[in-house]
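In this chain, residues are counted from 1 in sequence order. When reading the values below, keep in mind they use all heavy atoms of this one structure, side chains included, and skip hydrogens, waters and symmetry mates.
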Amino acid sequence: MKINKYIDHTLLKATTEPNDIIKLCEEAKQHHFFSVCVNGCYVKLAKEQLKDTDIKVCAVIGFPLGAMSTEAKIFEAKNCIENGANEIDMVINIGMLKAKEHEYVQNEIAEIKKAIGDKILKVIIENCYLTDEEKRVATQLSLEANADFVKTSTGFGTGGATFEDIELMKKVVENKAQLKAAGGVRDLNTARKFIELGVTRLGTSSGVELVTTGTADINKY
């Protein structure tokens, strides 16, 4: 199992500077990660740093709260694609989901998928704020809106990915979409367990440690 090819090498902190993104991309090249995951303002820089490689650029949308208007999220997604992003990780409107405004949530996902065309869309449902039933509903809505992936967490909420959540989500998606675990993936054994449960992508800022020492700083995303 080549763990590096499961990793979206991630840096989304508010204090991130351009030089940090350059370092992130250098690490991605050194360790042959699948992608780097960055905030929208750094998509163009990351794309430039990764030219002539097969490493993808992933951008987060509506991050980390998901409470922006649908129109704002669509604009943000289009802008990131125009600047070179290959994949979009969007946060659902969590409040609308909890209010059972399911049509709103599904339509928003579908509109963003439509806006980015054949690019990959990962839908972050932020499990730490949801009941098990809400997790099932959010996963099903993502499927019905033609999302490519359903993702556990932003890494900025009150909790990250858990084995139990991945098992629950896998039962809903079956083989109709892929799963991404993010938030708290900081050691190799945990990463491997997620993959065994059906995860095809890992969002972590600990990618270098995972492929070198096998464990990482507990304070990392």
Side-chain angles (χ1 to χ4, degrees), residues 3-69 71-92 112 115-124 126 148-149 151-157 160-161 180-186 191 201-213 215-221:
I3 198 77
N4 57 315
K5 286 303 182 183
Y6 287 86
I7 291 174
D8 287 347
H9 193 35
T10 302
L11 185 55
L12 300 168
K13 290 182 178 178
T15 53
T16 300
E17 300 177 22
N19 283 340
D20 298 322
I21 298 299
I22 292 169
K23 180 173 182 271
L24 185 82
C25 293
E26 287 303 313
E27 291 169 345
K29 287 188 279 189
Q30 180 182 353
H31 297 287
H32 306 288
F33 293 135
F34 187 89
S35 79
V36 298
C37 188
V38 300
N39 284 297
C41 70
Y42 289 127
V43 168
K44 197 175 286 187
L45 174 61
K47 192 69 174 180
E48 176 63 24
Q49 293 297 311
L50 295 171
K51 66 181 181 182
D52 303 323
T53 78
D54 62 354
I55 299 167
K56 309 299 184 187
V57 176
C58 168
V60 293
I61 298 301
F63 198 88
L65 303 178
M68 302 72 178
S69 69
E71 292 79 6
K73 289 181 181 177
I74 291 169
F75 178 88
E76 193 179 5
K78 285 181 174 178
N79 178 256
C80 287
I81 297 299
E82 288 167 3
N83 285 333
N86 307 101
E87 303 187 345
I88 296 295
D89 285 25
M90 65 161 286
V91 186
I92 65 164
I112 292 170
I116 68 172
D118 61 355
K119 304 298 184 184
I120 296 294
L121 178 64
K122 307 190 202 92
V123 177
I124 307 170
E126 196 70 303
D148 301 286
F149 278 77
K151 177 178 169 182
T152 59
S153 324
T154 62
F156 287 78
K180 177 175 174 179
V185 185
R186 300 188 188 97
R201 204 80 65 81
L202 300 165
T204 180
S205 62
S206 302
V208 174
E209 292 92 339
L210 289 180
V211 299
T212 54
T213 65
T215 189
D217 185 336
I218 61 169
N219 295 314
K220 281 197 169 186
Y221 164 69

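- Shown are I61, D148, I120; of these, the side chain to side chain contact (heavy atoms under 4.5 Å, CB included) with I88 is made only by I61.
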Determine whether V91 and M68 satisfy the following criterion, side-chain contact (heavy atoms from CB on, under 4.5 Å), listing intermediate values before the conclusion. CA-CA 10 Å; V91 186; M68 302 72 178; over 6 Å; no
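- Between E76 and K73 there is no salt bridge, since no side-chain N of the basic residue sits under 4.0 Å from a carboxylate O of the acidic one.
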When you look at M90 and V123, which way does the side-chain contact (heavy atoms from CB on, under 4.5 Å) test go after all the steps? CA-CA 5 Å; M90 65 161 286; V123 177; 4.3 Å; yes
Without placing hydrogens or testing angles, list every side-chain donor-acceptor pair under 3.5 Å for residues 30-40, not counting sequence neighbours.
from : atom 1 : to  : atom 2 : distance (Å)
S35  : OG     : D8  : OD1    : 2.6
N39  : ND2    : L12 : O      : 3.2

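- Remark: K5 engages no residue in a side-chain hydrogen bond (donor to acceptor under 3.5 Å, both in side chains) (not counting sequence neighbours).
- No donor-acceptor pair closer than 3.5 Å links the side chain of S206 to the backbone N or O of E209.
- Residues forming a salt bridge (Lys or Arg N to Asp or Glu O under 4.0 Å) with E126 (at least two apart in sequence, or on another chain): none.
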K29/I55 under side-chain contact (heavy atoms from CB on, under 4.5 Å): CA gap, chis, key distance, verdict: CA-CA 7 Å; K29 287 188 279 189; I55 299 167; 3.8 Å; yes
Evaluate T10 against T204 for side-chain contact (heavy atoms from CB on, under 4.5 Å), listing each step before the verdict. CA-CA 5 Å; T10 302; T204 180; 5.7 Å; no
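- Side-chain atoms of K56 never come within 3.5 Å of backbone atoms of N86 as a donor-acceptor pair (strictly under, hydrogens ignored).
- The backbone N or O of T16 sits less than 3.5 Å from a side-chain atom of Y42, completing a donor-acceptor pair.
- Between R201 and E87 there is a salt bridge, since at least one side-chain N of the basic residue sits less than 4.0 Å from a carboxylate O of the acidic one.
- Side-chain N or O atoms of S153 include none that pairs as donor or acceptor with a backbone N or O of G155 at under 3.5 Å.
- Of the candidates I22, I21, L24, V57, I22 is the only one forming a side chain to side chain contact (heavy atoms under 4.5 Å, CB included) with Q49.
- The pair K13-D20 does not meet the salt-bridge criterion, since no charged nitrogen lies less than 4.0 angstrom from a carboxylate oxygen.
- The pair K23-E27 counts as a salt bridge, with a side-chain nitrogen and a carboxylate oxygen less than 4.0 angstrom apart.
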